[in-house]
Amino acid sequence: MTVRYWLLKSEPDVYSIDELAAQKSRTDHWEGIRNYEARNFIRDKMRKGDLGFFYHSNCDRPGIVGIIEIVGEAYPDFTALDPRHKYYDPRSDPENPRWFMVDVGLVRKLKRPITLRELKTHEALKHMRLLQRGSRLSIMPVTKKDWDFILKLESK
DNA sequence: GCCAACGTTGGC
DNA sequence: GCCAACGTTGGC
């Protein structure tokens, strides 16, 4: 079973990598995905043991700040079913849940953030979905080649 | 704070 | 099924 690689976006004002680091056993659920393509990735393609980049979006210095591991298969996003929750979606039904979440564990923070700006300077990464104009997808696959390339930047 | 690009909704 | 209007994302 081969490991897949992912990139997961979060706004640090909403949920930062330091908040994940502060959790018990540095593990938490990844809530609030409300986009069908992103949902399909986590529900249908993510597997326990896959790895992901933790990406800070909509902030001063957007970029990759850490590595996380998917620690379990997707299950229904309970925040969509709770009327008092800000992520409540009345169209989600407990019998037929519309939204899903996964649990993730922090593997480590990067030694330094690898910013979006830096990623954009590399011709080799030009094809990445993250770098496409207008790309807003919050969960996306990353090829092993790109994964390795980006991790090499960390020590440069 | 601005705004381009995007995904979703809903009238027709 | 089309597509205009809308709300959201997210870089800058």
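Below, read A as the first sequence line, B as the second, and so on, with proteins coming before strands; counting in each chain starts at 1. Every value quoted in this text rests on a predicted model; they were computed, and no experiment measured them.
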| field | Residue mapping more 5' on DNA chain B - nearest nucleotide basis, A:Arg98 or A:Gly134 | value |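 The residue closer to the strand's 5' end, by nearest nucleotide, is A:Gly134.
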| task | Map A:Asn58 and A:Tyr36 onto DNA chain B by nearest heavy atom, then report which one ends up closer to the 5' terminus. | result | A:Asn58
Could you check, using the six-membered ring where one of them is a Trp, whether [X] and [Y] have ring centers closer than 6.0 angstrom?
X	Y	result
A:Tyr88	A:Trp99	no
A:Phe78	A:His29	yes
A:Trp6	A:Phe41	yes

Length of the [atom1]-[atom2] vector between [X] and [N], whole Å:
X	N	atom1	atom2	value
A:Ile139	B:dG7	CD1	C1'	16 Å
A:Arg136	C:dC12	CZ	P	16 Å
A:Leu137	C:dG10	CG	P	9 Å
A:Asp13	C:dT9	CG	P	14 Å
A:Ile64	C:dG10	CD1	P	14 Å
A:Asn35	C:dG7	CG	P	18 Å
A:Arg129	C:dT9	CZ	P	16 Å
A:Leu131	C:dG11	CG	P	11 Å

Hey, does the side chain of [X] come within less than 4.0 Å of [N]'s phosphate (OP1/OP2), counting only N and O?
X	N	value
A:Tyr55	C:dT9	no
A:Lys120	C:dC12	yes
A:Lys9	C:dT9	no

| message | Looking only at side-chain N and O atoms, does A:Asp18 offer a donor or acceptor that is under 3.5 Å from a partner on A:Ser16? | response | no
| So with a 6.0 Å cut-off around CZ of A:Arg61, is the heavy-atom count from everything else above 12? |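 For A:Arg61, atom CZ is not crowded (no more than 12 foreign heavy atoms under 6.0 Å).
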| field | Pair of N/O donor and acceptor under 3.5 Å linking C:dT8 base with A:Arg34 side chain | value | no
